[in-house]
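So the structure is just underneath, and the comments pick up after that.
Owing to the predicted nature of the structure, the values given are computational and were not obtained by experimental measurement.
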Protein chains: 2
Amino acid sequence: MNIYDVSQKAGVSIATVSRVLNGNRSVADSTRKRVEAAIKELGYEPNVFARGLGLNTMQTIGILCNDSSDIYIANAVYYLQHFLSEHHYDSILCCTGNNPDDFRKYTKMILSKRVDAVIYTGSQFILNQPEEHDNSYILNASKEVPIFLLNGILEGENIYCVVNDDHLAVHDAAMKLIKDGRRHIVYLYSGTTLSSQNKLSGFTDALNEAGIPNRIEYTHLGPKDIYAAKSYLESLYKKGLPIDAVMASEDTLAVGAVKFAEEHGIRIPEELEIIGYNNSILAECTQPELTSIDNHVEEVCRTLTDSCLKVLSGEDAPQKVVLTAVRIDRDTTVN
Amino acid sequence: MNIYDVSQKAGVSIATVSRVLNGNRSVADSTRKRVEAAIKELGYEPNVFARGLGLNTMQTIGILCNDSSDIYIANAVYYLQHFLSEHHYDSILCCTGNNPDDFRKYTKMILSKRVDAVIYTGSQFILNQPEEHDNSYILNASKEVPIFLLNGILEGENIYCVVNDDHLAVHDAAMKLIKDGRRHIVYLYSGTTLSSQNKLSGFTDALNEAGIPNRIEYTHLGPKDIYAAKSYLESLYKKGLPIDAVMASEDTLAVGAVKFAEEHGIRIPEELEIIGYNNSILAECTQPELTSIDNHVEEVCRTLTDSCLKVLSGEDAPQKVVLTAVRIDRDTTVN
DNA sequence: GAGTTAAATGAAAGCGCTTACAGAATGCGC
DNA sequence: GCGCATTCTGTAAGCGCTTTCATTTAACTC
């Protein structure tokens, strides 16, 4: 069944049907009603391909992330898709796994599907690998469709960013630990994304400001894995290095710290304070429950999709929005 | 730039270019190379809409789930998308939130995008709400494209199912608890999906077989939430009802059981054994770590996408595959 | 080299829609 | 009733591709 059948049923031309379909004003009310009735009666659905060919758009948005099974990303993907679908945009999801090269490939692939916009979740902005620092593929993509970055920053005409102030959040958290009298704070992080970098510098800045010397082993880049975190702390412990607090760029790493403390009979939070990041469900699973920084996935996604929908409907949107992450205090920090 | 430009550059007709694009055999090698060179040089990408119009397919598969932020679903979505993309299929993701009505709506929406197949993750097969028991929309969809169910079962010509033997897994786990001498086993579950039902009957069957009377309060349907589980157990505890084991249909609920035990100084596993389901990362976060049933998301997804790709390429595939879930013993059960 | 067959190519007709343009209908003032 | 402006509607030309069918070319065979 196609537009022609509808036009026959309604006794009009296909042009008129098309006009009704696209909300074109110049259709007489009586005609419009007749056509709408025909559409309903036949259960007609326009062919997206033909429509796409004509309009060069398919009400579809590409979402690129590296690992949608990561709890944080999964939440983000859920909200993004959900908010977009409220406005009748579909989402094409691409997960690159963890090969950064894939971003270039997938970007190309997704653009070839003629999406109306592309949303990148921030994790892919790899900074420390020189050859990957090249974000030109995103800049190129921005020439074709508007680009939206979740927790990533890139300047460009058609690029819109929504980020958390990770630096601030970690800085504040570190300051709290320092105020609590901690002087041997281990910072565990994983990944080398922009957001990771900001968190890290938030930590080191706080230490510098407080005049606390920062031992090199106390900031550690490792895999995003409970046991990796745990065993790193153990290695420090066995060397006899004092540890009185742990900050982590991910809740998983903080969970590792809890396990480390448990195993060695270290009391939390008296002897060891721990702060995680993301305030994911993991924070509520440990005993004691984890103090963690909440970066408001839902709000971030809402802000981003709002911008996206505005841009797509021709309105202006801020090129950069910075939201504040908030620490949720639970049992791994003192009151 | 379009196919015509390529044909000009290569000095052939657009028909020939199209043949090269579609791997049609009857193109001379020399011509093929010339065309391929032209394509590469121009960086030509075929227009998916035009292509879709002609072929009535866009190498895209719809994935429908109710909550992609659920850890298990998120993993499934990741693997599905990943495996499909290996074969150049894109994934359109639709999450319905938790309104079962949405499945009908989204199914329609996704079909209107002319996807080549639809994958449902099982959770939506609501059984206990009579009006929702009606899966006719899926049967209808199966007339248009092949349908794949992850952890759902529905018979139909164009419907393919991959499930875990949830009944067996829970049955075995319950038997283990009984063998350990447990007689007051609480079964916590959430959701009324097919898979939930199977788990539940696995539990009750085991009890029946062992001749253990099953108090009605000992099987409880509640939200998929740590604290809901915890407080339900507390309510039983306060009533003075004995509890010596907890089985849960989700790890979150099992985490609640661990918290319950902790708070009341109940020793795990001596006084209380706990078994979760999904073997998610949560199982490794608690102290003691959770014994949980692993349903091999990756394998399930691989099996399903294999079937899907076979069907789409015209081959046969099994209408139903049953995989076995395996209990991973950790610290909340006795050796 | 003529005759036969198979392989390679091109011309052109769609696929189902949008939209520019032209034509028909309507309304209004006089 | 006529002329003009305005509002509707239809015709037809694309959009960029696939594919059928006819044609050309090449490859054999005797």
In whole angstrom, give the distance that lies between atom CG of B:L53 and atom P of C:dC15. 10 Å
Using whole Å, report how far CZ of B:R51 lies from C1' of C:dC15. 15 Å
What nucleotide among C:dC15, D:dC17, C:dT18 has an atom nearest to a side-chain atom of A:I14? C:dT18
Quick one: is B:T16 getting a side-chain N or O under 4.0 Å of the C:dG10 phosphate, OP1 or OP2? yes
Should B:N47 be listed as having a side-chain N or O under 4.0 Å from OP1 or OP2 of D:dG16? no
Would you verify whether the NZ or CZ of B:R302 falls within 45 degrees of the ring axis of B:Y79 while also being under 6.0 Å from that six-membered ring's centre? no
Would a 4.5 Å heavy-atom cut-off, applied to side chains only, mark A:T193 and A:N151 as touching? no
Counting only side-chain nitrogens and oxygens, does B:N22 get under 4.0 Å of the OP1 or OP2 atom of D:dT18? yes
Checking D:dG10, C:dG10, C:dG16 against the side chain of A:A15 (C-beta onward), the nearest is D:dG10
Closest to side chain of B:N2, choosing from C:dC17, D:dT18, D:dC17: D:dC17
Starting at CZ of B:R25 and ending at C1' of D:dT19, how long is that distance when rounded to a whole Å? 18 Å
A:Q8 atom CD is separated from C:dG16 atom P, nearest whole Å, by 14 Å
Separation of D:dC15 P from A:R114 CZ (nearest whole Å): 14 Å
Nearest to the side chain of A:S13, heavy atoms from C-beta on, is which of C:dT9, D:dT11, C:dG16? D:dT11
For A:L111, does its backbone N or O pair with a side-chain atom of A:E144 as donor and acceptor, under 3.5 Å? no
Assuming nearest nucleotide by heavy-atom distance, tell me which of A:P46 and B:S30 is located more 5' along DNA chain C. B:S30
Specify the residue among B:M1 and A:R32 whose closest nucleotide of DNA chain D lies further upstream toward the 5′ end. A:R32
Looking at the side chain of A:V12, which of D:dT9, D:dG10, C:dC17 is the nearest nucleotide? D:dG10
Rounded distance (Å) that lies between atom P of C:dC17 and atom CE of A:M58: 15 Å
Expressed as a whole number of angstroms, how long is the span from A:Q59:CD to C:dC17:C1'? 15 Å
Base, sugar-phosphate or nothing for B:V17? Non-hydrogen atoms, less than 4.0 Å. nothing
Nucleotide nearest A:Y44 (side chain, heavy atoms from C-beta), chosen from C:dG16, D:dC8, D:dG16: C:dG16
N or O in side chain of B:R19 less than 4.0 angstrom from C:dT9 OP1/OP2: no
Stepwise side-chain hydrogen bond (donor to acceptor under 3.5 Å, both in side chains) check, B:S85 with A:Y106: CA-CA 10 Å; B:S85 83; A:Y106 277 93; 2.9 Å; yes
Between D:dT18 (P) and B:F49 (CZ): distance, integer Å: 15 Å
If you count every heavy atom of other residues, nucleotides or ligands that lies below 6.0 Å from B:E155 atom CD, does the total exceed 12? no
Could you please spell out the steps behind the side-chain hydrogen bond (donor to acceptor under 3.5 Å, both in side chains) verdict for B:R51 and B:N22? CA-CA 10 Å; B:R51 183 166 240 214; B:N22 293 291; 3.1 Å; yes
Verify the contact: side-chain N or O of A:T31 to OP1 or OP2 of D:dT9, cut-off strictly under 4.0 Å; return yes or no. yes
